[in-house]
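Data block below; observations after.
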Amino acid sequence: MYKKDFPIFTNTKFNGFDLVYLDSAATSQKPQIVISKLKEFYEKYNANIYRGIYKLSEESTELYEKTRSRVADFLNVSSSEIVFTKGTTDGINFIVYAYAKNKLKKGDLVLLTEMEHHSNIVPWQILSKNIGFNIEYVPISKDGKLKDLDKFLEFKPKILSITHVSNVLGSVNDISYISNMAHKIGCTVIVDGAQAVSHMKVDLKLLDCDFYVFSAHKMFGPTGVGILYGKNEILSELEPIFGGGEMISSVTKDDVVFKDSPFKFEAGTQNFADVSVFSNSIDYIENIGINNISSYIKDLHSYAVKKLKGIKGLRIYGEGNLSGIVSFDINGIHPHDIATLLNENNIAVRAGHHCAQILMSSLGVSSLTRCSLQIYNDKSDIDKLVSSLDKIVSYFK
Ligand code: PMP
């Protein structure tokens, strides 16, 4: 029903087949309204933000700041707590260098989990090589739930950095419970929301984490835009890690006075066109309703699980988690072969370690096939996937 909003489905065919796009966890497709607004921006509003005291620059600034307030409302926080970044990875790296680097010392503990994406592992590993803090990983059970988090909190970590939703197992972590537990021992909570925001209600007042980061491109928005939320009291105390134009109040030969947050963290010309258009992605989500998106994806996910289970030798990982991410393997067939053969029918899935090698080794596999769902998918996509998989299985017999 929503497929018609996304021109890619009418504009692309391969081998005579319509596109079945099942890789939305990697990036989502874009609705016509977002594509048109981007074109319109360059046709009608393009001027650098903040700098000009002429109409066009004022309009462009207004659109950029409108997105900040749209995002803030969407997450139930205040605009001053929203910093624009390039994406989730950029946001986590910002937190690591602007916040964690000054907070951590040799011997401290940073707690991660075995289900983290490499974006929430590698920046910590790089910094720990410089500072000498320790990293521990909360293990996961076979069904993709965190195990023994409470025990790990007894080691008094300074920081817990955790994904909201796993990009492989679809497990949803209970962030408000986790924030509550962690704050009792003075531990900062950083949340990677990359796989959550596009299809579940995220109210940051309720979650009460200290930082929350995500990427616009996974929520029907343009590439190169990320959101970093930080609590006002934390952001206002942080020093910027990038200096440049527009983030200062004054500069002399000997000194610099920064603007208040969030502006002090946005040095130089920002990706203002894409940021401005991101408010249209939020409009798109809100017009459908985030809860409607959630339940639509849950239903489709249940349907996919039911159908996939009929395939001989197919095993689903994290089966009970209905967040639109279904990872599986099939006895005796390599995930890359599965993805390559599905591509022949223009079915796009992802195969590999999904930037989660620690998770893969804890599951005892080296790679999986992942099918991830969005609002533009429907039962016919699942039926095409399942009938192609059936053929692949009989081919390998
Ligand atoms: N975290 C998770 C859970 C993800 O799924 C992804 C994207 N695959 C990222 C972080 C990284 O996002 P980006 O590449 O947009 O920075």
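Counting convention: from 1, in listed order, for ligands and their atoms alike. Throughout, numbering of the chain's residues begins at 1 and tracks the sequence.
Close approach to Lys218 involves these atoms of ligand 1, each under 4.0 Å from a residue heavy atom: 6 (C), 7 (C), 8 (N), 12 (O). The distance from ligand 1 to the heavy atoms of Ser215 drops below 4.0 Å at these ligand atoms: 12 (O), 13 (P), 15 (O), 16 (O). Every atom of ligand 1 is numbered from 1 in the order shown, and the set under 4.0 Å from a heavy atom of Ser119 is 9 (C), 10 (C), 11 (C). Which parts of ligand 1 touch His217 is read off a 4.0 Å heavy-atom cut-off, strictly below it: atoms 15 (O). Those atoms of ligand 1 with a heavy atom of Gln195 less than 4.0 angstrom away are 3 (C), 4 (C), 5 (O).
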Chi angles and distances behind the ring pair (Phe, Tyr, Trp, His ring centres under 6.0 Å) call for Phe220, Phe6:
CA-CA 10 Å; Phe220 314 120; Phe6 295 79; 5.7 Å; yes

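In this structure, Glu154 does not pair ionically with Lys151, as no charged nitrogen and carboxylate oxygen lie closer than 4.0 Å. Salt-bridge check for Arg70 with Asp283: passed, with a basic side-chain N closer than 4.0 Å to an acidic carboxylate O. Using a 4.0 Å cut-off between charged nitrogen and carboxylate oxygen, Glu40 and Lys37 count as a salt-bridge pair. Contact check on Lys259 versus Glu266 returns no salt bridge, with no Lys/Arg side-chain nitrogen under 4.0 Å from an Asp/Glu carboxylate oxygen. Ion pairing of Asp210 with Lys231 is present here, as a side-chain N (NZ or NE/NH1/NH2) and a carboxylate O approach within less than 4.0 Å. Between Lys44 and Glu59 there is no salt bridge, since no side-chain nitrogen of the basic residue lies less than 4.0 Å from a carboxylate oxygen of the acidic one.
Looking at Thr88, Thr163, Asp90, it is Thr88 that brings a heavy atom closest to atom 12 (O) of ligand 1.
With hydrogens left out, the protein atom closest to atom 4 (C) of ligand 1 is His117 CD2, 3.3 Å, a heavy atom. Nearest non-hydrogen protein atom to atom 10 (C) of ligand 1 is Asp192 OD2, 3.3 Å.
In Glu116, neither the side chain nor the backbone holds a heavy atom less than 4.0 Å from any atom of ligand 1.
The shortest N/O to N/O separation between Thr89 and ligand 1 falls below 3.5 Å.
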